[in-house]
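Okay, structure first, notes after.
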Amino acid sequence: MYVLGIESSCDETAAAVVTADQATGSRAILANTIYSQTEEHRPFGGVVPEIAARAHLEKIDIVVGKALEDANLDLSQIDVVAATCGPGLIGGVIVGATFAKTISMSTGIPFIAINHIAAHALSIRLTEDVNFPYLLLLASGGHCQLCLVRNVDNFEVIGKTIDDSVGESFDKVAKLLGYGYPGGPIIEKMSEEGDDASFQLPRPLCQRGSCDFSFSGLKTAVRIATEKCRTEQDKINLGASFQRTVTGVLSYKMEQAIIFSRRSGANPTAAVIAGGVAANRPIRIALQSVCDRHELRFCAPPTAICTDNGAMIAWMGVEKARIQQFSNIRFRPRPRWPLDEL
Ligand code: KG4
Ligand code: ZN
């Protein structure tokens, strides 16, 4: 089976072709094309929805064409076209969804509407053999939640943020420190030169076994601490201390989720991190050691699959096509689409 996947819910216009053979279990990414809008949004320190929608519109046909060319396929060889239909910035979502529906209507190729969060959650199964149920920490710019992935369309949310997402807090702290956008990769790089124990920052909601997250208090603490920064090195130390604190929070939450899921009898086969923040090496290393302590397998997708991409959308298309879950062409793109409304 060849599946074309289209992603346009935030600031990447992406398309990919994934092939999968259910009989042998083999699967491969034949093309994974991404046009990142980072440069367009950088002057504003964050994603501007109208700029994003226009950029998707300008690039969508080029990106999809390039994916087919890289895969050395033409549309007549594609079995399914899958596109992110939410949640996300609605202008961009409409561009990708409409493009996919148009392909479907003009060629007869079945269409599948993909939930972007669910696609992050299942992306690990594209590159690793991970069976259901597994624990997932989704840590991206738009989302921060812990869930038990029971099946392709069955996600039990066991904790979520009550304010900012982790990625958002990286971006806001980078902005406070004057580092630019996107914040996560910059803070990770700068932290290599910093003393991560020089600032003591709060670890919100890290008591009493809660699996919910809160990052706005931590961000405020960083803002107050910037007033104590006299040198460039002080700022680097503050960024490193922030990253260490976030790493501690995510480790604590993962540990609580492992304990909670085992107590409730779920018995997860693995713990997985997905989303843009999963690209962060110190966070991966810390989560690996939590899982080692609890004798649970830990997995993270390759970094190219962590941040937004078309391959994870195409892969979810494969998973849904296998269980015959095709979508109606009238499916309406959804700016909000929580996992419990799948
Ligand atoms: O999954 P993603 O590409 O888009 C959303 O669906 O939101 O995640 C983007 C987020 C941004 O906030 C970015 O700062 C963060 O992921 N991020 C990182 C790293 N790379 C990207 N955060 C921490 N460390 C990184 N290396
Ligand atoms: Zn995402």
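In this text, all values refer to a predicted model and were calculated from it rather than measured experimentally. No hydrogens, no waters, no symmetry mates; every other heavy atom, side chains included, goes into these values. Atoms within a ligand are numbered from 1 in the order they appear, just like the ligands themselves.
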Is K160 salt-bridged to D212, going by a charged N under 4.0 Å from an acidic O? no
CD (E39) and CG (D11) are apart, to the nearest 0.5 Å, by 11.0 Å
According to a hydrophobic-cluster definition based on side-chain heavy atoms being under 4.5 Å apart (Ile, Leu, Val, Met, Phe, Trp, Tyr only), do V157 and V152 belong together? yes
If only side-chain N and O atoms count, and only distance matters, is there a donor-acceptor pair under 3.5 Å linking D164 with S169? no
Quick one: give me the number of protein N/O/S atoms under 2.8 Å from the Zn ion (ligand 2). 3
Taking every heavy atom of C85 against every heavy atom of V93, the minimum-distance pair comes out as C-CG1, 3.4 Å
Write out each pair where an N or O from ligand 1 and one from the protein are under 3.5 Å apart, with the distance.
| residue | atom | partner | partner atom | Å |
| --- | --- | --- | --- | --- |
| ligand 1 | 1 (O) | H120 | NE2 | 3.4 |
| ligand 1 | 1 (O) | G276 | N | 3.0 |
| ligand 1 | 1 (O) | D308 | OD1 | 3.3 |
| ligand 1 | 3 (O) | D308 | N | 3.0 |
| ligand 1 | 4 (O) | D308 | OD1 | 3.4 |
| ligand 1 | 4 (O) | D308 | OD2 | 3.2 |
| ligand 1 | 6 (O) | H116 | NE2 | 3.3 |
| ligand 1 | 6 (O) | D308 | OD1 | 3.2 |
| ligand 1 | 6 (O) | D308 | OD2 | 3.4 |
| ligand 1 | 7 (O) | G141 | N | 2.8 |
| ligand 1 | 7 (O) | G142 | N | 2.9 |
| ligand 1 | 8 (O) | G141 | N | 3.3 |
| ligand 1 | 12 (O) | G167 | O | 3.1 |
| ligand 1 | 12 (O) | D171 | OD1 | 3.4 |
| ligand 1 | 12 (O) | D171 | OD2 | 2.7 |
| ligand 1 | 14 (O) | D171 | OD1 | 2.7 |
| ligand 1 | 14 (O) | G184 | N | 3.0 |
| ligand 1 | 20 (N) | G276 | O | 3.4 |
| ligand 1 | 24 (N) | N280 | ND2 | 3.1 |
| ligand 1 | 26 (N) | E188 | OE1 | 2.7 |

Between Q243 and N280, do the side chains contain a donor N or O and an acceptor N or O under 3.5 Å apart? yes
Using a strict cut-off of less than 4.0 Å between a Lys/Arg side-chain nitrogen and an Asp/Glu carboxylate oxygen, indicate whether E255 and R293 qualify as a salt bridge. yes
Quick one: are the ring centres of W337 and F155 less than 6.0 Å apart? no
Show your working on salt bridge (charged side-chain N to carboxylate O under 4.0 Å, His left out) between R334 and E341 and close with a plain yes or no. CA-CA 11 Å; R334 296 183 58 169; E341 288 179 21; 2.5 Å; yes
